[in-house]
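First comes the structure, then the notes that go with it.
Computed from heavy atoms alone, side chains included, the values below leave out hydrogens, waters and symmetry copies.
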Amino acid sequence: MKRINVISAFLFSICISACTGGNKQKADDYIIVDVTANYPKKEFTLQDLMDVEYIPLETTDTFTTQGVVKAIGKSLILITNRNMDGDIFVYERTTGKGQRKINRRGQGPEEYSQVNSIVLDEEHHEMFIVDYPARKILVYDLEGNFKRDFTFEDTSYYHDISDYDTKYLIAYKGYSPGIENEEANHILISKQDGKVVRELSVPIKTIKTPVFIEGEMVITPGFCQTLPLSEYCILMRTSSDTIYNYSDDNIRPFIIRTPSIYTMDPEVFLFVTAADDRYYFMQTMKKELDLNTFKGFPTTDLVYDRQEKALFECTIYNDDFTNKKEVSLKPAPGRTNNREIAACIALEASGLIEAYQKNELKGHLKEIASTLNEESNPVIMLMKYRKN
């Protein structure tokens, strides 16, 4: 197995290189984010940042779905229901027309017990279904025929599994109940036999995790530790003060957070949610939970503008709504399977109908809403990186 390590004294090396003009990573290749600072507020219109695509999912007796996006390809979208019934709906991306419904749920050797996530590989006409209760990944063709499967390594669980390239998947190997421990790291997995071919290890001092554990109660807030982008992957560990990018077998510092996670109580974690040539979108999350109401984990959205070389607290509004509808770029499960997609949202038909009746919609979304009824499937909204 090939292991790639980052030298623990990387920050010292970077500073020396920046000062001496050496050929190592320059200081302006990474940014420093103070997670306790009050940054100036800035509002964005989504359509000024990204291209927006709306896909109304066809509704028939066969194709009736709650619209949970599991994977987005160039030609297809894979959708499931929230109730874990095992149905996988295959839709055409351009038209939203249903192609087929697949269900291989069961207890047999070629069946899954749950569909926790899906990686879509259109080039090889395959989908990789992650089944946490069975601790394995099952591979099917896009007609639902079983091809092979493989089990998670040792006692780990694979999180944020994404399509890395033609040969490999990339994932974060975590351990229950807190996800983070000394054995956890990012990994590359062979698509053919499931072997871990590379461990992408970064240095940590002590274990820090946003997962809240109280006795037998475990509460895991939503966060992403692997974020594939067009030219590299973002690697995040909650026990590290540094967020890295990975490409060409090299791991480099991308963002350094301050103060150190090891000095904070309660801890404030930092995650990258989207990034393009100009903007790095991030989110802070405070490990704070009210056990009476179970409300907590407050977040703040940040953005770094590479052109202005400045950080802001940001709010993004969808210009297709006249009432300043706020949107989030927090990665959805399906986004990680298509590097052109920053985020996706399922817009419920009932909400769109109500907005249409109140004259709160514009453009193509308004046209789509005019065709919906209360029985219609959701409309999938894709936020796509703009090609420069």
[X] and [Y]: side chain donor to acceptor below 3.5 Å:
| X | Y | result |
| --- | --- | --- |
| T45 | D319 | no |
| Y356 | N359 | no |
| D163 | Y168 | no |
| Q114 | N116 | yes |
| D241 | S260 | yes |
| Q47 | D320 | yes |
| E367 | S370 | no |
| E180 | T238 | yes |

A side-chain contact here means heavy atoms from C-beta on lying under 4.5 Å apart; do [X] and [Y] qualify?
| X | Y | result |
| --- | --- | --- |
| I118 | V130 | no |
| Q307 | Y279 | no |
| E340 | Y385 | no |
| I88 | I79 | no |

Look at the side chain of [X] and the backbone N and O of [Y], then say whether any donor-acceptor pair between them is shorter than 3.5 Å.
| X | Y | value |
| --- | --- | --- |
| R100 | G144 | no |
| T273 | F281 | yes |
| K136 | F152 | no |
| N318 | V327 | no |
| D51 | K384 | no |
| K191 | D165 | yes |
| D248 | N250 | no |
| D160 | Q225 | yes |

Could you grab the distance from atom [atom1] of [X] to atom [atom2] of [Y], nearest 0.5 Å is fine?
| X | Y | atom1 | atom2 | result |
| --- | --- | --- | --- | --- |
| M50 | F44 | CE | CZ | 10.5 Å |
| L142 | M127 | CG | CE | 6.5 Å |
| D141 | E143 | CG | CD | 5.0 Å |
| Y164 | R198 | OH | CZ | 7.5 Å |
| F212 | L289 | CZ | CG | 5.0 Å |
| I243 | I255 | CD1 | CD1 | 4.5 Å |

Residues [X], [Y]: salt bridge by 4.0 Å N-O rule:
| X | Y | result |
| --- | --- | --- |
| K173 | E153 | yes |
| D305 | R278 | yes |
| K42 | E308 | yes |

- Candidate pair K195 and I189, rule side-chain contact (heavy atoms from CB on, under 4.5 Å), full reasoning: CA-CA 6 Å; K195 290 183 179 178; I189 310 161; over 6 Å; no
- Message: Which residue in the set I129, I161, D149 passes side chain to side chain contact (heavy atoms under 4.5 Å, CB included) when paired with I137?
- Response: I161
- Evaluate the side-chain contact (heavy atoms from CB on, under 4.5 Å) criterion for residues N377 and E58: first the C-alpha distance (whole Å), next the side-chain angles of each, then the deciding distance (0.1 Å), finally the verdict. CA-CA 7 Å; N377 283 329; E58 180 185 25; 5.8 Å; no
- Closest heavy-atom pair and its distance - T59, E375: CG2-O, 3.5 Å
- Item | Atom NZ of K205: over 12 foreign heavy atoms under 6.0 Å | no
- Item | K147, NZ: over 12 other non-hydrogen atoms inside 6.0 angstrom | yes
For residues 292-303, please give each side-chain donor-acceptor pair under 3.5 Å, one per line with the distance, not counting sequence neighbours.
| unit_1 | atom_1 | unit_2 | atom_2 | d |
| --- | --- | --- | --- | --- |
| T293 | OG1 | K295 | N | 3.3 |
| D301 | OD1 | Q283 | NE2 | 2.9 |

- Item | Of all pairs that satisfy side-chain hydrogen bond (donor to acceptor under 3.5 Å, both in side chains), the ones with a partner from residues 102-112, not counting sequence neighbours | D87-N103
- Query: So which pairs with a foot in residues 47-90 pass ring-ring contact (aromatic ring centres under 6.0 Å, His included), sequence neighbours left out?
  - Reply: F63-Y91
- Query: Which pairs with one or both residues in residues 213-243 pass ring-ring contact (aromatic ring centres under 6.0 Å, His included), sequence neighbours excluded?
  - Reply: F223-F271, Y232-F254
- Relative to Y30, does R252 satisfy both conditions: NZ or CZ under 6.0 angstrom from the six-membered ring centre, and within 45 degrees of the ring's axis? no
- Classify the angle between the aromatic ring planes of H159 and Y132 as parallel (below 30°), tilted (30 to 60°) or perpendicular (above 60°). tilted
- Same apolar cluster: Y317 and L365, side chain cutoff 4.5 Å: no
- Task: List in chain and number order the residues that pass ring pair (Phe, Tyr, Trp, His ring centres under 6.0 Å) with F269, two or more places apart in sequence or in another chain; answer none if no residue qualifies.
- Result: none
- Can you list every salt bridge (Lys or Arg N to Asp or Glu O under 4.0 Å) pair that touches residues 261-275, not counting sequence neighbours? K208-E267
- Item | salt bridge (Lys or Arg N to Asp or Glu O under 4.0 Å) assessment of D277 paired with R306 | CA-CA 8 Å; D277 291 339; R306 297 182 64 192; 5.2 Å; no
